[in-house]
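Throughout, protein chains are lettered first and strands after them, A, B, ... in sequence-line order, and every chain is numbered starting at 1.
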Protein chains: 2
Amino acid sequence: MTATRDLTRNQSLVLGALEHADGPLSAYTILDRLRDAGFRAPLQVYRALDKLTEFGLVHRLESLNAFVACAHGHDHGHAHAHGIVAFAICDTCGKVDEFSDDEVTSRLNGWARDAGFRASKTTIELRGECAGCLAAA
Amino acid sequence: MTATRDLTRNQSLVLGALEHADGPLSAYTILDRLRDAGFRAPLQVYRALDKLTEFGLVHRLESLNAFVACAHGHDHGHAHAHGIVAFAICDTCGKVDEFSDDEVTSRLNGWARDAGFRASKTTIELRGECAGCLAAA
DNA sequence: AATTGGATGTAATGTTATTACGTTAGGAGG
DNA sequence: CCTCCTAACGTAATAACATTACATCCAATT
């Protein structure tokens with residue numbers, strides 16, 4: 001059960017790089033980390049990222065031009081039906097917290113319905129400083 | 001009253017370009033449109049955009065790497081105290097609708113408070129297709 | 001065996017943003 | 001008046017992010 005989705009070699013490598021990282025990685029950083037595995041060109045990374053994003057295993061952080069593995073350790077098998085996902089990005093330590101709020105999802109969906117707007121993707125990103133870094137400061 | 005904030009020549013030109021456009025513009029598009037006004041280098045645009053954003057006269061659309069004039073025709077004098085601003089971006093016609101939802105603002109602020117996260121900037125962007133384009137399709 | 005579609009490899013190019021360094025303009029205070 | 005300071009500006013070079021174009025490979029099907 002929850003069979004791991006059948007990823008290609010490149011997709012597995014890219015997902016692995018993101019899962020082992022302790023924060024978001026840019027496509028070019030991923031490329032650098034996969035040189036030893038045989039990666040040579042940006043496109044190899046971007047192609048894998050496209051698929052992984054499509055599968056819901058990876059998120060793109062628009063305000064960072066970077067990527068993170070999805071926090072919900074869904075065992076690569078099924079996409080959860082959670083609402084709009086939001087990210088809190090610490091500008092100091094780089095850590096990203098992924099969360100979801102039903103009320104926010106419902107208000108935004110409501111606005112879209114009222115406006116006749118069909119949203120295909122919604123981005124919510126908070127940039128700032130996390131509790132740990134605030135405490136350390 | 002509501003005295004227009006004192007913008008420099010470059011800032012006025014960039015703001016003007018954004019106000020006259022009927023959608024978001026990339027920094028390089030702005031640069032192209034201001035060649036005749038004497039613009040030569042990207043930095044001239046980016047510097048003006050930084051200030052205009054700081055003044056609240058311009059928004060950056062993270063998912064587009066582009067910029068729009070703030071929809072609230074605040075007469076360049078005072079920043080309104082509205083909550084988090086959201087954007088609905090039509091991928092078909094390129095038009096952008098700016099809106100704000102108190103409940104969304106309050107939920108996100110609430111999450112941040114609970115998590116001890118101090119947000120310095122929050123991005124909400126819906127990508128999709130607007131009512132007009134859906135009707136035309 | 002031929003065909004097809006998805007994934008891949010590689011190079012070149014396009015697009016977005018910043019760093020570095022030097023100059024200019026205008027106000028504050030001696 | 002002159003110096004100091006600061007903000008804005010000009011220019012070139014470079015870095016960072018992303019896509020286009022084209023050829024190849026391989027497995028599943030016919």
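Sequence neighbours left out, not one pair with a member in residues 18-42 of chain A passes ring pair (Phe, Tyr, Trp, His ring centres under 6.0 Å). For residues 107-119 of chain A, the pairs satisfying salt bridge (Lys or Arg N to Asp or Glu O under 4.0 Å) are A:Arg107-B:Asp101, with sequence neighbours left out. Each salt bridge (Lys or Arg N to Asp or Glu O under 4.0 Å) pair with one or both residues in residues 25-42 of chain A, not counting sequence neighbours, appears once here: A:Asp32-A:Arg35. Each salt bridge (Lys or Arg N to Asp or Glu O under 4.0 Å) pair with one or both residues in residues 125-137 of chain A, not counting sequence neighbours, appears once here: A:Asp91-A:Arg127. Applying the ring pair (Phe, Tyr, Trp, His ring centres under 6.0 Å) test to residues at least two apart or on different chains, the pairs with a partner in residues 86-113 of chain B are A:Phe99-B:Trp111, A:Trp111-B:Phe99, B:His59-B:Phe87. For the ring pair (Phe, Tyr, Trp, His ring centres under 6.0 Å) condition, no pair includes a residue of residues 113-137 of chain B, sequence neighbours left out.
The footprint of chain B on DNA chain D, defined by a heavy-atom cutoff below 4.0 Å, extends from D:dA8 to D:dT11.
Listed by chain and residue number, B:Ile84, B:Thr105 satisfy the side chain to side chain contact (heavy atoms under 4.5 Å, CB included) test with B:Asn109 (two or more places apart in sequence, or in another chain). By the side chain to side chain contact (heavy atoms under 4.5 Å, CB included) test, B:Arg9 is found to be paired with B:Leu13, B:Ala37, residues two or more places apart in sequence or in another chain being considered. Residues passing the side chain to side chain contact (heavy atoms under 4.5 Å, CB included) test with A:Asp50, sequence neighbours excluded: none.
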Inset, instruction - Go along nucleotides 13-26 of chain C 5' to 3' and tag each nucleotide: B for a protein heavy atom under 4.0 Å from its base, S when only backbone or sugar atoms are that close, - otherwise. - result: ---BBBBB------
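Contact record, A:Leu15 with A:Leu52: N-CD1, 3.8 Å, taken as the closest heavy-atom pair.
Within residues 85-97 of chain B, no residue approaches DNA chain D, by heavy-atom distance under 4.0 Å.
Taking atom CG on A:Leu31 and atom P on C:dT10, their separation rounds to 12 Å, with Å as the unit. Separating the CG atom of A:Asn10 from the C1' atom of C:dG9 is a distance of 10 Å, rounded to the nearest angstrom. Going from atom CG of A:Leu7 over to atom P of C:dG6 covers 17 Å, rounded to whole Å.
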